[in-house]
Amino acid sequence: MSTSPDRQSGLATSRAHSARVYDYILGGKDHYPVDAEAGDAMCRHWPALPVHMMENRRFMHRAGRFLAEECGIRQFLDVGTGLPTSPNLHEVVQEVAPESHVVYVDNDPIVLAHARALLQSSPEGATAYVDADMHDPDAILGSQEFQELIDLDRPVGLMVIGIMHFILPPDDHRLVRRLLDPLPSGSYLAMTIGTADFAPEEVNRVAQEYREQGMPFVLRDLPAATSFFDGLEIQEPGVTQVHTWRPGPEQDGVDGRDIAMYGAVARKP
């Protein structure tokens, strides 16, 4: 998530944006030359980056399905959703429970434009998009979309996927807790957290490229990643590399050195 003076004219195109770099590396079409240049530089530093990004997204699919299918969650808050790429979270959870509600949050106008067109709910459920920044959780929680779609008397699945490496200390824990605190007992937090534990030289070069492109970036080791779940009931198999969290056939043959992300799901008691 970033800001730019170009937001005044609708789209921030003079600087790379994390959502559009992600789109470019995964073969999407919703990016600008500055995003492609940044993505190419990052992949030169670490050719495994597309594999890593895909496994982060697949974790989101499995975590969302787990929450809908095994935990009975029917409403979700997805912060830092990025550009819509099917299957999106609502498609995953509404396949299990068509009545599910999903509120998406991001702060890039191009994401907003595509979200309005592509994040269409099942007839039984509902989706909404909030144009907001994780650094301002009160804007998210106070939005009309959140208040209309999320019932705080029922558990919520809070999805914080592929964004925490852009949130620097000391604000990181406070921001997550501000989003989690209003949610009732029985809610869940699903997170992925960037790390350099498995390919330190390559991943740190990617991190430096992000910083040079104007995007703050921080990597965390396993204890730091696990600390986000303090006070919560971490679900099996715990805090693991994302491709080893309840893996399916798609994860066969994935090399752990190609994955720089921890992931976990935890229940709020």
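For the numbers below, each heavy atom of this structure counts, side chains included, while hydrogens, waters and symmetry mates do not.
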**Item:** Reported CE-to-CG distance for the pair Met60 and Asn88, which is rounded to 0.5 angstrom
**Value:** 6.5 Å
**Asked** Do Gln75 side-chain atoms and Arg154 backbone N/O form a donor-acceptor pair below 3.5 Å?
**Response** yes
**Message:** Quick check: is Val96 connected to Ile161 through a chain of hydrophobic side chains (ILVMFWY, heavy atoms under 4.5 Å apart)?
**Reply:** no
**Complete:** For Gly238 and Ala264 the tightest heavy-atom approach is O-CB, 3.6 Å
**Request:** Assess the side chains of His45 and Glu209: does a donor N or O sit below 3.5 Å from an acceptor N or O?
**Result:** yes
**Request:** May I ask you to decide if Pro200's main-chain N or O and Asn204's side chain share a donor-acceptor pair within less than 3.5 Å?
**Result:** yes
**Prompt:** Has the side chain of His101 got a donor or acceptor atom that lies under 3.5 Å from a matching backbone atom of Arg74?
**Reply:** no
**Item:** Verdict with supporting geometry, Tyr104 and Leu77, side chain to side chain contact (heavy atoms under 4.5 Å, CB included)
**Value:** CA-CA 6 Å; Tyr104 292 102; Leu77 176 63; over 6 Å; no
**Side-chain heavy-atom pair Arg267, Leu232 within 4.5 angstrom cut-off** = no
**Salt-bridge criterion met for Asp171 and Arg174 (N-O under 4.0 Å)** = yes
**Prompt:** Got Met261 and His165 here, is their nearest side-chain heavy-atom distance under 4.5 Å?
**Reply:** yes
**Asked** To the nearest 0.5 Å, how far apart are CE in Met134 and CD1 in Ile163?
**Response** 6.0 Å
**Distance (rounded to the nearest 0.5 Å) between Met42 CE and Glu212 CD** = 9.5 Å
**Qualifying ring-ring contact (aromatic ring centres under 6.0 Å, His included) pairs, either residue in residues 177-201, two or more places apart** = Phe198-Tyr262
**Prompt:** Do you know the tightest heavy-atom contact between Arg15 and Gly214?
**Reply:** NH2-O, 2.9 Å
**Request:** Any chance you could lay out the side chain to side chain contact (heavy atoms under 4.5 Å, CB included) test for Gln251 and Thr244, step after step, and finish with the verdict?
**Result:** CA-CA 8 Å; Gln251 282 65 55; Thr244 65; over 6 Å; no
**Message:** Taking atom CD as the centre, does Glu201 end up with more than 12 heavy-atom neighbours from other residues, nucleotides or ligands that are less than 6.0 angstrom away?
**Reply:** no
**Heavy atoms of other groups near Arg211 CZ, more than 12 under 6.0 Å** = yes
**Asked** Under 4.5 Å between any side-chain heavy atoms of Met159 and Phe76, yes or no?
**Response** yes
**Item:** CG on Leu149 to OG1 on Thr127, rounded to 0.5 Å
**Value:** 7.5 Å
**Item:** Smallest separation among heavy atoms of Val105 and Ala132, with atom names
**Value:** CG1-O, 3.6 Å
**Prompt:** Can Glu70 and Arg246 be counted as an ion pair, charged N to O under 4.0 angstrom?
**Reply:** yes
**Message:** Measuring only between side-chain heavy atoms, which start at C-beta, is Leu141 closer than 4.5 Å to Pro182?
**Reply:** yes
**Prompt:** With Ser100, which residues qualify under side chain to side chain donor-acceptor pair (under 3.5 Å), at least two apart?
**Reply:** none
**Request:** Determine whether Leu168 and Met191 fall in the same hydrophobic cluster, where Ile, Leu, Val, Met, Phe, Trp and Tyr are linked whenever their side-chain heavy atoms lie under 4.5 Å apart.
**Result:** no
**Item:** Inter-residue atom distance Lys268.NZ - Leu180.CG, 0.5 Å rounding
**Value:** 5.0 Å
**Prompt:** Does some side-chain heavy atom of Met54 sit less than 4.5 Å from a side-chain heavy atom of Glu250?
**Reply:** no
**Asked** Does some side-chain heavy atom of Tyr24 sit less than 4.5 Å from a side-chain heavy atom of Val34?
**Response** no
**Request:** Check the pair Asp106 / Thr81 against side chain to side chain donor-acceptor pair (under 3.5 Å), numbers first and verdict last.
**Result:** CA-CA 6 Å; Asp106 209 297; Thr81 183; 6.0 Å; no
Report, one line per pair, each donor and acceptor closer than 3.5 Å where one atom sits in a side chain of residues 215-222; sequence neighbours left out.
| unit_1 | atom_1 | unit_2 | atom_2 | d |
| --- | --- | --- | --- | --- |
| Arg220 | NH1 | Met164 | O | 2.9 |
| Arg220 | NH2 | Ile167 | O | 2.8 |
| Arg220 | NH2 | Asp172 | OD2 | 2.8 |
| Asp221 | OD1 | Ala224 | N | 3.0 |

**Complete:** Pro87 and Val92 have their tightest heavy-atom pair at CB-CG2, 4.2 Å
**Request:** Examine the side chains of Asp258 and His52 and answer whether a donor and an acceptor come within less than 3.5 Å of each other.
**Result:** no
**Request:** Report yes if some heavy atom in the side chain of Val51 is under 4.5 Å from a heavy atom in the side chain of Ile259; otherwise report no.
**Result:** yes
**Message:** Tell me the closest heavy-atom pair linking Val206 and Trp46, and the distance in Å.
**Reply:** CG2-CB, 3.6 Å
**Asked** Can you check side chain to side chain donor-acceptor pair (under 3.5 Å) on Gln94 and Ser121, steps first, answer last?
**Response** CA-CA 8 Å; Gln94 289 180 350; Ser121 173; 3.0 Å; yes
**Asked** Quick one: does Arg58's side chain have a donor or acceptor within less than 3.5 Å of a partner on Met53's backbone?
**Response** no
**Spacing of CG belonging to Leu67 relative to OG belonging to Ser187, to within rounding of 0.5 Å** = 10.0 Å
**Asked** Quick one: does Gln241's side chain have a donor or acceptor within less than 3.5 Å of a partner on Gly256's backbone?
**Response** yes
**Note, Glu55 side chain near Val254 side chain (heavy atom, < 4.5 Å)** = yes
**Request:** Check Gln213 against Ala16 and note the closest heavy-atom contact, atom names and distance.
**Result:** OE1-CB, 4.1 Å
